[in-house]
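These notes are about the structure you will find just below.
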Amino acid sequence: MDETIAESKAAARRWTWRIPAYVLLPFYLMLIGVLLRYAVYVRTTGHWGFNDYLRALCVYDCNAYERLALYGYEGRPSGFDKGDANNWAFFPFYSILVWGLNRITGLSMLVGGSILTLLLSVWAAILSWPLFERRFRAYFLFCFFLFLGPFSYYFSTLYTEALFIMLTIAGFVLLKQRDYVSAGVAGALMSATRSTGLLFAGAILIAAFQNHLRDGGSVRGFFRTLWKRTDLLLAVALVPVGICLFAIYLWFHSGDALAFVHIQRAWGRAFSDPFRNLWLTLKMQFDAHNYSTISTDLAFGLAAIAGMALSGVMAWKGKWDWALFSLFGVLLPLSTNAYSMLRFVVGLAPVLITASLLFSRWKWLFYLLLPALLILDVLLLPTWTGRSYYLM
Amino acid sequence: MLPTYQPRLWHLAVVALIALFDLVVLYMVLRPNVSDDYRAYYIDRSASCFPRADNVATGYYPLGEPISFVPDRSGFSLDTVRWCGFMPPSNTGIRSFGDYGIIRIVMPLPDDDFLLTFASWANTDSSKPERDVQVVVNGSRVGTLSFTSSKGIFGRFLVPQAVARAGGTDDNGNNIVLIRFEVPRTGPPGTNSEPVTLQLRLESLRLAPLKSIPAELASASFAAGTPGTVVEAAPKAHPPHTPAGKKKEAG
């Protein structure tokens, strides 16, 4: 037998073996996660209804996305105690998908949306494999975090995190493959999902620049040939299309194309110095002489610091496209307020991937983290269903 | 080896279309087609509250009746006059937020002066500086409430007919009376950029034509003959202030 053929057969065997490993792993973990949390729910509440379980998981923004899929965008703001809120702050793409699934399958928004979120998370995990550069332990940790970690709720109910992470991962994989135009399309969908999707335009340019240097090109050479790079021009132009379509809709609906920005006043958000916000958030509980607990404000501040620190790790590793996308992905929401920083940081795929790559370097840490994440997932379920601000 | 790039015409054609599309969006961003209330609150941020819709806060009020802002207490209880800057009724009354709270009454007014009375308290105590709340009707100041403790203040103010009618009329010919309580700022803005202000609580309010009030009450109220002064302060202890709960985020 020819050695070359034998080698390719061996490679083929390896390849076929890998399909269940990295494709089925997220499925298995997702199923285990769903069953585990359902069991915990039944144990703590005594209710067996699976629909009740999904309803219990659907807190805060989940309700907003569900209503958005059911009824579309609301009219004159009248929500909250101040009467100044409505659902214009919520970007449309995720709810459009939930609505579409409802139309096709007849499943309720809650059930269909929950299934969609879980499948998007699985898809995100599978797509992310090329970004782990064959480091299976890191990949395993990433998947474990998504489906059995303390923030698994974002990836189980009607939240945009799963979709946004999936699109972000798709975008960065396409950038790795130097398919900039397709990456731009992914960016357009990202900007229709969350405002931070706009940041992907910068990531495209940085990735192209880094790829040029990797090919042996010079800095000057990159800018000299930039005029020929119509693919880059198109890719960058595509990214804001999603948010622009939303702006046009809002102009016709409310008269204000930037209503999704202005309505943020109802959530106490206004643009200011993100580092000042971070400082105020970090010191708030100490100003109140609270030295015994970690307040939600402090937790949000620490999450922002963790996000920025991991962005620094990305830069140190030479992944500048990931680094700047993540850094500004933290700073943009932080510039309006520190609330929900935990969720915003967890919603950044490069942060999760970098953390997984980092923490899986040491076997002992990897094996320590798995039970720790699992215990937190179980313990935090009642906290989540109890509508804690911590996890928001 | 460095790859070579060839400009593609179809790339440029799509970019040109997107640029046109972006110009349309830019026009829409620069030309919002919104009401003055919306612009003042959400865009300019010059207003500290966004008025409730006219079909909800209709302004309807049976003139002279006491309005209760505490559920299950006697009095007119429909939530029709709480217009802007007051949170919904609760067992502590309606609480102001921002720089002012406005009660709006829409009805035909008789030819008379009016007596405005209300029960109020604020989130302050005797360890803090005196906090003054201005009471302004249709743009004219009719009095000041001075809070020096957590005790309640029962305010009574004369509203002259000319002031009561200065708010103009709606399409149906009803007079509009805007009763605005302007509260002081008590701290610098936090991370939400909103100033920290005194929180005024109204438990009840009444606007009555002077002729309908028994003579002895009216004369007692205005013994000093000077409209716009608090003539009676009814001490009343209230529980310590608890801050409002935060809200979740959009995103």
- Task: Check disulfide (SG to SG under 2.5 Å) between A/Cys62 and all other residues, then give those that pass, not counting sequence neighbours.
- Result: A/Cys58
With only heavy atoms counted, which part of [X] is less than 4.5 Å from chain B, the side chain, the backbone, both or neither?
X	value
A/Leu258	side chain
A/Ala235	neither
A/Val261	neither
A/Leu250	neither

- Task: Name all pairs fulfilling the disulfide bond (SG atoms under 2.5 Å apart) condition that reach into residues 68-97 of chain B, sequence neighbours left out, sorted by first residue then second.
- Result: B/Cys49-B/Cys84
- Tell me, out of B/Ser35, B/Ala19, B/Pro32, who's got the most heavy-atom pairs with chain A below 4.5 Å. B/Pro32
- Query: In terms of heavy-atom pairs under 4.5 Å, which option from B/Arg45, B/Arg39, B/Gln6 contacts chain A the most?
  - Reply: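 Of B/Arg45, B/Arg39, B/Gln6, B/Arg45 has the most heavy-atom pairs under 4.5 Å with chain A.
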- Mark yes or no: A/Arg265 above the aromatic ring of B/Tyr41, with NZ or CZ under 6.0 Å from the six-membered ring centre and no more than 45 degrees from the axis. yes
- Would you call the rings of A/Phe90 and A/Trp267 parallel, tilted or perpendicular if under 30° counts as parallel and over 60° as perpendicular? perpendicular
- Item | Neighbourhood of chain A inside residues 130-139 of chain B, taking heavy atoms under 4.5 Å as contact |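 From residues 130-139 of chain B, none sit under 4.5 Å of chain A.
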- Item | B/Asp170 (side chain) donor-acceptor with B/Asn172 (main chain) under 3.5 angstrom | yes
- Quick one: does A/Glu74's side chain have a donor or acceptor within less than 3.5 Å of a partner on A/Asn87's backbone? yes
- Message: Among residues at least two apart in sequence or on other chains, which ones pass side-chain contact (heavy atoms from CB on, under 4.5 Å) with B/Leu9?
- Response: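 None.
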